[in-house]
Amino acid sequence: MLDKHYNPKLVEKDKYENWKSKGYFTAGDISKQKFSMVIPPPNVTGKLHIGHAFDTTIQDIIARYKKAKGFDVLWLPGTDHAGIATEAKVVERLKNLGISRNELGREKFVEKVWEWKNEYVTTIHNQWAKMGLMLDYSKERFTLDEDLNRAVNHVFKKMYDDGLIYQGERIINWDPVQQTALSNVEVIHKNIKGEFYYFKYKLYDSDEYLTVATTRPETMFGDVCLTVNPKDERYQKYVGKYAINPANGEKLIIIADNYVDIEFGTGVMKCTPAHDPNDFIIGEKYHLPHPICINKDGTMNSLAGEFNGLDRFECRKKLVEKIKNEGNLIKIEKITHSVGHSERSGCIVEPYLSKQWFVKMKQLAERSIAYQKSDDKIQFIPQRFNKVFIQWMENIDDWCISRQLWWGHRIPAYYNKKTGEVLVSEVPPKDIENYKQDEDVLDTWFSSALWPFSGFGWPKETDLLKRYFPTDILVTAYDIIFFWVSRMINQSLYLTNNKPFNKVLIHGLIRDNKGRKMSKTLGNGVDPIDVIDKYGVDALRYFLATSSTPGLDMRYSEEKVSSSQNFLNKIWNASRYILLNIDSTSDSSFEKKYLDIFDRYILTKFNLTIKNVTNNMEKYNLGAASKYLYNFVYDDFCSFYIELCKNKLNSDNINIKNNTKKILLHILQGVIMMIYPYSPFISEELYLSLPKHKESIMLESYPIYNSKEVFKDSIKEVELLKNVIKDIRLYKVNNKLAPNYSLKLKIKTSLNLSDEFINNLKYFSYSNDVSFVNESLKLNSLIYPDLEIFIEDNIDKSEVLNKLNADLEKEKFEIDRCEKLLNNPNFMKKAPKEKIKLEQDKLENHKILLQQILEKIKNLG
RNA sequence: GGAUGUUUAGCUCAGUGGGAGAGCGCUUCCUUCACACGGAAGAGGUCAUAGGUUCAAUCCCUAUAACAUCCACCA
């Protein structure tokens with residue numbers, strides 16, 4: 001027997017291991033239609049956070065729903081090697097042990113990272129298990145697996161041959177802490193406070209000077225010229241002359257180029273080709289040299305003279321001091337400007353001239369744009385993200401893919417030791433001794449971009465690939481569209497001639513309860529494991545899936561997790577009640593001939609709920625679906641039908657009694673199945689408590705809307721009863737009568753009410769004395785269309801009259817409203833017929849009520 | 001500079017071209033044998049502002065404001 005309260009800890013125990021070991025997570029039933037998803041592979045860098053819990057919960061609900069709907073569901077698990085992030089973690093761990101990465105050497109270091117990886121994959125598995133995820137572990141992948149490495153090499157070679165990958169010397173984003181190049185999306189621009197330094201640049205052989213403003217004085221050692229706008233009348237006369245660099249006393253030629261904005265700063269720009277992308281373009285244009293003055297670790301090199309070896313920011317300080325002492329500092333202006341930071345290390349990124357590998361984006365992007373403008377396009381949910389994607393693609397720069405790291409897919413490029421020639425090859429050349437492989441590895445996202453097909457064994461034509469690719473849906477947060485979603489689309493169209501997924505469900509981020517982004521520095525992160533310990537994973541999952549709208553951020557709210565738990569407890573106790581009243585041999589095959597009006601009513605509501613829930617599940621609108629279920633469970637099933645059954649099950653009619661039990665069981669089964677994708681553990685527990693269950697709820701199928709169990713005619717009478725009950729309760733409250741105070745009620749009606757109506761009116765209102773009368777009584781009463789309920793009670797007549805007059809006014813107002821609408825010729829001409837009928841019916845009802853009230857007033861007077 | 005989103009009850013948020021909903025909080029009452037992790041009743045909203053379209057607008061359109069996010073630029 002079930003306990004009085006639902007205990008998540010007991011309920012969640014052992015179930016996951018059981019499901020897994022029984023093979024319920026394993027896809028492969030080819031008699032069914034397939035449904036496939038790939039998990040966004042989490043980084044093997046640490047614990048999963050609440051954002052992962054959110055993302056995977058949505059996917060698990062979809063997976064479980066589809067499985068229950070009869071699909072062969074494959075949800076592919078996997079993890080990402082996460083180059084920079086993981087390498088940084090391992091470097092730090094080794095450092096704490098007093099070991100340096102470089103001393104260890106490449107091979108040994110990579111071994112250490114594999115150890116780390118194995119450790120964290122275990123942690124991730126444990127967390128997936130806690131979340132209850134229906135992942136097919138038999139097909140699990142890691143982005144650095146051998147198979148995936150083959151895929152990566154294959155793609156690199158193909159793109160190189162197609163001219164889509166090239167090597168070039170360019171200004172890239174350099175992370176001086178990790179000492180690697182970064183792509184543009186790995187740079188986060190932040191508005192920070194800085195200084196704008198105004199320096200005197202004396203003209204060569206003259207007493208005059210130009211004022212040049214810069215935010216980065218330390219790069220002055222790499223300057224090659226000063227630039228002004230040719231149209232700038234202030235400076236035209238200086239073009240072609242020389243100025244003295246106050247940092248090192250060197251001569252700088254003054255050139256003219258339209259790039260310079262006359263309005264900005266002083267209109268004179270210093271040009272540092274090796275440390276600024278725009279300056280680099282100018283440098284190329286005028287064939288200027290591009291001296292590098294900063295080392296890879298962010299310290300100054302010998303070009304900086306006395307500052308050689310100093311950190312770049314330390315140098316800035318000292319250099320400004322020096323220039324000031326020499327009388328060449330004019331002023332320092334405080335400004336707020338946007339500065340690029342490394343996504344991983346957080347340090348300020350250095351624009352840096354270096355030789356790297358790039359993916360040419362134009363061609364790939366054009367194809368994706370055309371595809372996303374076609375009818376066959378991948379459907380973004382919500383749709384507006386397609387626009388975000390297209391705009392991004394239209395403005396995309398080439399993608400820097402080489403990283404100066406050890407952990408990752410090593411670039412399959414080999415340099416001939418004698419000639420220096422580059423050989424790109426999927427496998428090492430046979431005469432490897434004559435070659436040296438490129439030292440760099442690829443951007444992690446290069447392999448992630450292949451995930452929806454490389455995970456199934458591509459480029460081999462595997463059975464998995466043939467059956468499960470393209471996948472049906474990808475679920476991820478909007479912040480990952482540029483990193484991942486867009487690249488998967490590009491690569492999939494290019495490599496497989498197919499889309500990677502039919503749909504993309506985009507969700508938002510989880511913020512803290514004050515709406516702030518969760519961050520390590522604020523310490524406001526929420527650990528899903530803590531929440532699970534307190535409220536259970538089912539409540540967490542229910543909260544995550546139902547408290548958000550696609551594409552919008554949500555706030556974490558402990559109150560809502562708690563109220564989710566209360567809802568589950570409600571279902572638990574409804575089950576408990578039903579199980580207490582049926583026996584182990586019961587089944588749910590009720591008979592139609594014994595259905596009374598309330599049975600028909602609840603079956604109608606139940607089936608409409610199935611319809612609404614299913615429709616929303618099909619649209620992946622998990623929040624809306626859950627609301628239909630929630631309202632049905634509380635309002636229709638628990639508050640009304642189960643309460644009513646307490647009376648009904650006392651009936652002398654054994655057929656009615658048994659039929660009622662079957663209906664209760666039938667509906668309970670449906671409710672459990674509909675809550676199951678959201679909260680699988682409690683659902684399994686309840687399911688297994690039901691008579692005649694299968695081995696697991698995971699083998700059960702989803703309830704199906706049955707139009708033969710919809711009895712629209714039942715609604716009116718039952719709603720009337722509900723209203724009467726409510727009014728009687730209110731009457732008692734208003735007259736300070738105890739809830740169980742028994743009123744004498746007399747009913748006058750022209751309606752053909754069922755016996756159950758009277759029976760249940762007695763039951764719900766604690767009124768033992770209820771009977772029909774023919775004539776109107778001079779008593780206090782509740783008035784409904786075609787129905788009046790007299791209450792025998794000692795109530796002041798004048799109060800009754802007051803209330804009646806108030807009701808009268810209300811009715812007049814309503815009638816007025818309806819008549820106005822119906823007398824509007826435009827409304828009658830243009831409004832839909834159903835709406836007109838609705839308003840006509842309303843008017844009719846209000847008129848009847850008005851008549852009854854008038855009559856009542858007359859009788860009382 | 002460009003784009004997108006948000007604005008609805010005290011708080012957090014759903015939602016719809018045809019009389020506004022939930023959770024939590026609040027008020028009153030009830031420990032009635034599924035559940036006090038509960039039940040019953042209730043208070044509380046010019047649906048940001050101004051125009052427009054429509055028989056009808058909280059919803060569609062156009063502006064405006066506040067807040068948020070993304071992209072680009074910044075010598």
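A, B, ... follow the sequence lines: proteins, then strands. Residue 1 opens every chain.
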Watson-Crick and G-U pairing of RNA chain B written in dot-bracket, each distance under 3.5 angstrom, with | for inter-strand partners: (((((((..((((....[..)))).(((((.......))))).....(((((..]....))))))))))))....
Looking only at side-chain atoms of [X], point me to the closest of [options].
{"X": "A:R817", "options": "B:A75, B:G19, B:U12", "result": "B:G19"}
{"X": "A:R729", "options": "B:U12, B:U4, B:A40", "result": "B:A40"}
{"X": "A:Y634", "options": "B:A72, B:G42, B:G39", "result": "B:G39"}
{"X": "A:F482", "options": "B:C71, B:G5, B:C24", "result": "B:C71"}
{"X": "A:K726", "options": "B:G19, B:A41, B:G38", "result": "B:A41"}
{"X": "A:L730", "options": "B:U6, B:G42, B:A75", "result": "B:G42"}

Donor-acceptor pair between A:E195 and A:Y197 side chains, under 3.5 angstrom: yes
Distances for protein N or O near nucleotides 28-35 of chain B N or O, under 3.5 Å:
unit_1: B:A34; atom_1: OP1; unit_2: A:K646; atom_2: NZ; d: 3.4
unit_1: B:A34; atom_1: O3'; unit_2: A:R576; atom_2: NH1; d: 3.0
unit_1: B:A34; atom_1: O2'; unit_2: A:N573; atom_2: OD1; d: 2.4
unit_1: B:A34; atom_1: O2'; unit_2: A:R576; atom_2: NH1; d: 2.7
unit_1: B:A34; atom_1: N7; unit_2: A:K646; atom_2: NZ; d: 3.1
unit_1: B:A34; atom_1: N6; unit_2: A:C638; atom_2: O; d: 3.4
unit_1: B:A34; atom_1: N6; unit_2: A:E643; atom_2: OE2; d: 3.1
unit_1: B:A34; atom_1: N3; unit_2: A:N573; atom_2: O; d: 3.0
unit_1: B:A34; atom_1: N3; unit_2: A:A574; atom_2: N; d: 3.3
unit_1: B:C35; atom_1: O4'; unit_2: A:N573; atom_2: OD1; d: 2.9
unit_1: B:C35; atom_1: O4'; unit_2: A:N573; atom_2: ND2; d: 3.3
unit_1: B:C35; atom_1: O3'; unit_2: A:H5; atom_2: NE2; d: 3.4
unit_1: B:C35; atom_1: O2'; unit_2: A:N569; atom_2: ND2; d: 3.3
unit_1: B:C35; atom_1: O2; unit_2: A:K570; atom_2: NZ; d: 3.2
unit_1: B:C35; atom_1: N3; unit_2: A:K570; atom_2: NZ; d: 3.0

Expressed in angstrom and rounded to an integer, what is the separation of [X] atom [atom1] from [N] atom [atom2]?
{"X": "A:H337", "N": "B:A72", "atom1": "NE2", "atom2": "P", "result": "17 Å"}
{"X": "A:Y630", "N": "B:G21", "atom1": "OH", "atom2": "C1'", "result": "12 Å"}
{"X": "A:F764", "N": "B:A40", "atom1": "CZ", "atom2": "C1'", "result": "12 Å"}
{"X": "A:N616", "N": "B:G15", "atom1": "CG", "atom2": "P", "result": "10 Å"}
{"X": "A:I396", "N": "B:A72", "atom1": "CD1", "atom2": "C1'", "result": "13 Å"}
{"X": "A:R511", "N": "B:A68", "atom1": "CZ", "atom2": "P", "result": "10 Å"}

Salt-bridge contact A:R817-A:E839 (side-chain N to carboxylate O under 4.0 Å): yes
Presence of salt bridge, A:E394 and A:K373, under 4.0 angstrom: yes
A:D512 side chain to A:M518 backbone, donor-acceptor under 3.5 Å: no
Check: A:N573 side chain, A:N569 main-chain N or O, donor-acceptor pair, under 3.5 Å: yes
When the side chains of residues 262-276 of chain A are checked against the rest of the protein, which donor-acceptor pairs come out under 3.5 Å, sequence neighbours left out?
unit_1: A:T266; atom_1: OG1; unit_2: A:T211; atom_2: O; d: 2.6
unit_1: A:T266; atom_1: OG1; unit_2: A:V268; atom_2: N; d: 3.3
unit_1: A:K270; atom_1: NZ; unit_2: A:T219; atom_2: OG1; d: 2.8
unit_1: A:K270; atom_1: NZ; unit_2: A:D223; atom_2: OD1; d: 2.8
unit_1: A:K270; atom_1: NZ; unit_2: A:D223; atom_2: OD2; d: 3.4
unit_1: A:K270; atom_1: NZ; unit_2: A:T272; atom_2: OG1; d: 2.9
unit_1: A:T272; atom_1: OG1; unit_2: A:D223; atom_2: OD1; d: 2.7
unit_1: A:H275; atom_1: NE2; unit_2: A:C293; atom_2: N; d: 3.1
unit_1: A:D276; atom_1: OD1; unit_2: A:N278; atom_2: N; d: 2.9
unit_1: A:D276; atom_1: OD1; unit_2: A:D279; atom_2: N; d: 3.0

Positions of residues 823-840 of chain A (non-hydrogen atom under 4.0 Å from RNA chain B), listed by number: A:N824, A:N826, A:F827, A:K830, A:A831, A:P832, A:K835
A:F567: partners by ring-ring contact (aromatic ring centres under 6.0 Å, His included), with sequence neighbours left out: A:Y542, A:Y630, A:Y634
Between CE on residue A:M393 and CD1 on residue A:I369, distance to nearest 0.5 Å: 7.0 Å
NZ (A:K646) with more than 12 external heavy atoms under 6.0 Å: yes
Whether over 12 other heavy atoms sit under 6.0 Å from A:Y628 OH: no
Pairwise P distance, B:C60 and B:U6 [rounded to whole Å]: 10 Å
Test side chain to side chain contact (heavy atoms under 4.5 Å, CB included) applied to A:K387 and A:F380, step by step: CA-CA 9 Å; A:K387 201 171 159 189; A:F380 277 84; over 6 Å; no
With sequence neighbours excluded, residues passing salt bridge (Lys or Arg N to Asp or Glu O under 4.0 Å) with A:E844: none
